[in-house]
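All residue numbers in this chain count up from 1 along the given sequence. Start at 1 and go down the list; that is how both ligands and their atoms are numbered.
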Amino acid sequence: MGKVVLSYSGGLDTTVCIPLLKEKYGFEEVITVTVDIGQPEGDVIEAEERGRKYADKHYTVDAKNEFVKSLFMLIKANGDYEGYVLGTSIARPIIAEKTVEIAKKENADAIAHGCTGKGNDQLRFENIYLQYGFKVVAPMRELNLTREWEIEYAKEKGIDIKVTKDKPWSIDENLWSRSVEGGKLEDPSYLPPEEIFSWTVSPEKAPDEAEFVTIGFEEGVPVSIDGEKMDGLTLIKKLNEIGGKHGVGRVDMMEDRVLGLKARENYEHPSATILITAHRDLEKLVLSRREIRFKKFVEEEWAELVYYGLTNDPLFDALNAFIDKTQERVTGWVKMKLYKGTAQPVARFSEFALYSEELTSFDTTAIDQRKAEGYSVFHGLQGRLYREIMRRLGK
Ligand code: ARG
């Protein structure tokens, strides 16, 4: 059967895939590809070690900078699907593209992934693999495997993986977010135990003193913290740390998967919460009310395309073009207050502000207030007519 390239995280599912691809599918050579998108460094190293140990050949590809580029677009789009900041979703096409590059280089016969047939990731990966004409192999889905079975099988194959039956969390982590699902969390009425969190402290344990951070934006993209310029990777990492200390960015939610299954998800993403909240605030200062209202529809569509793994749809390019146009004036800064699990904008500034203190202030006379009287005569006219007619007709 030849060669297969496997998108490899180093976790249980994908590691179990390695022997399965040989035993059950008859591949002679399994090549693992781990894409570094800012997951904890230890995970990348561990994946590399395991890849070298269990597969025939291993590649680690650094895609952190490309990932940051996608995240910048996500920030401009206030990326949000049902309250989820799309961390896993937006990383998948990049991982898939990188895997395809290796598959082409290696002249592979197929590409495999370790996704189940119940989630979104299978769709996101395969959309890209198929785009390049690769045959897809999905052992988890095709063999209808359960995590219990995998844990047993791994043991049997001498694969050392930390997952145990009482801590069977399925974790997906990258620069933008950490998601935890599975195990007892699958019961939506079960309270998440503190042990599932690793980026954030619980708000109760956060400092009693608030911390303020000022985020500088240029054309919708965050470029500085407290006036200090830095690259996106450093900036996002730094805010994860600062926000995590204050318990910012924990989300426990029900989510509608593409297939229609509802899933209970726990997320941690301090940086995402801080940056999107700040970015939205700045937009409120500089965009017109019609721009903001229309952009909301665009954002909803944008987020759905990302969630569904359909970023190769021409609509995605068109939406991005619209979003980029709106961001030309989203330059300025927002001061955020981090306190016991919350991140609130408390001050903001932009040269492009569509705000005039001169006009709006209680204390100025730049506008003659009496002019509003004429406006007021017409405002609500139809509603008043309607009420009057109904009263007259006794309805
Ligand atoms: N529900 C999210 C998504 O579909 C995250 C899934 C993450 N996977 C995991 N094994 N924790 O994008």
Trp169 near ligand 1 by a heavy-atom separation under 4.0 Å
no
For atom 12 (O) of ligand 1, the option (of Tyr84, Tyr81, Tyr307) bearing the nearest heavy atom
Tyr84
Does any non-hydrogen side-chain atom of Ile159 lie less than 4.5 Å from one of Pro19?
yes
Minimum-distance protein heavy atom relative to atom 10 (N) of ligand 1:
Ser170 OG, 2.5 Å
For Tyr267, the ligand 1 atoms whose distance to one of its heavy atoms is below 4.0 Å
1 (N), 2 (C), 5 (C)
If you measure from each non-hydrogen atom of Arg257 to ligand 1, which part falls under 4.0 Å: side chain, backbone, both or neither?
neither
Could you tell me if the side chain of Cys17 sits less than 4.5 Å from the side chain of Met140, heavy atoms only?
yes
Measuring only between side-chain heavy atoms, which start at C-beta, is Thr14 closer than 4.5 Å to Ser7?
no
Once you measure the plane-to-plane angle for Tyr375 and His379, does it fall in the parallel (<30°), tilted (30-60°) or perpendicular (>60°) bin?
tilted
With heavy atoms only and a cut-off of under 4.0 Å, state how Asn120 meets ligand 1: side chain, backbone, both or neither.
side chain
Quick one: do Phe316 and Trp302 satisfy ring pair (Phe, Tyr, Trp, His ring centres under 6.0 Å)? Show the steps, please.
CA-CA 7 Å; Phe316 192 63; Trp302 189 94; 5.5 Å; yes
With heavy atoms of Ser89 as the reference, note each atom of ligand 1 found under 4.0 Å away.
12 (O)
Looking at ligand 1, does any of its N/O atoms fall within less than 3.5 Å of an N/O of Arg92?
no
among protein heavy atoms, the one nearest atom 8 (N) of ligand 1 is Glu181 OE2, 3.6 Å
Any side-chain heavy-atom pair from Val251 and His269 closer than 4.5 angstrom?
yes
Using heavy atoms and a threshold below 4.0 Å, how should the contact between Arg124 and ligand 1 be classified: side chain, backbone, both, or neither?
side chain
Relative to Tyr307, does Arg124 satisfy both conditions: NZ or CZ under 6.0 angstrom from the six-membered ring centre, and within 45 degrees of the ring's axis?
yes
Counting C-beta onward and ignoring hydrogens, is there a side-chain heavy-atom pair between Phe217 and Ile75 closer than 4.5 Å?
yes
Quick check: do Arg52 and Tyr54 have side-chain heavy atoms less than 4.5 Å from each other?
no
Atoms of ligand 1 close to Asp172 [distance to a heavy atom under 4.0 angstrom, numbered from 1]
7 (C), 8 (N), 9 (C), 11 (N)
Using a strict 4.0 Å cut-off to heavy atoms of Glu255, name the atoms of ligand 1 that fall inside it.
1 (N), 2 (C), 3 (C), 4 (O)
min-distance protein heavy atom vs atom 5 (C) of ligand 1 -> Thr88 OG1, 3.6 Å
Contact atoms of ligand 1, heavy-atom distance to Ser179 under 4.0 Å:
5 (C), 6 (C), 7 (C), 8 (N), 9 (C), 11 (N)
